[in-house]
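Residues take their numbers from the sequence shown, with the count starting at 1.
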Amino acid sequence: MSEKSRRWTNGIDWTMCGILASIYLVWRIGTVGDWTLECWVLLLICLIGVRKDQADVEWMKFLAAGVPFLGVLRQSPVP
């Protein structure tokens with residue numbers, strides 16, 4: 001990698017990029033899912049103070065429990 005591109009990648013705030021990507025994905029899911037105003041307000045209320053309660057989770061622990069759980073949710077019937 002050239003020095004110029006190395007400086008460019010080191011200067012990027014990757015946490016902010018992840019936050020922006022998450023905001024975009026939630027917005028797209030909400031617009032495609034045709035969420036009502038009440039759904040957006042409920043999401044906003046749930047997210048208030050989430051930084052204060054946040055605990056770091058190792059990715060391997062999350063994947064070990066989260067991926068099988070997603071499979072169970074996908075197979076459950078939706079009313």
Item to check | Gap separating the CG atom of L20 from the CG atom of D13, nearest 0.5 angstrom | outcome: 9.0 Å
Next on the checklist: Applying side chain to side chain contact (heavy atoms under 4.5 Å, CB included) to I19 and Y24, what does each step give before you reach the verdict?
Outcome noted: CA-CA 9 Å; I19 291 170; Y24 175 75; over 6 Å; no
Checklist entry - Are V32 and W27 side-chain neighbours, meaning at least one heavy-atom pair lies under 4.5 Å? => result no
Checklist entry - In Å, rounded to the nearest 0.5 Å, how long is the span from CD1 of I12 to CZ of R7? => result 13.5 Å
Checklist entry - Which heavy-atom pair separates W35 from I29 by the least distance, and what is that distance? => result CZ2-CG2, 3.8 Å
Item to check | Side-chain heavy atoms of T36 within contact of C39, under 4.5 Å | outcome: yes
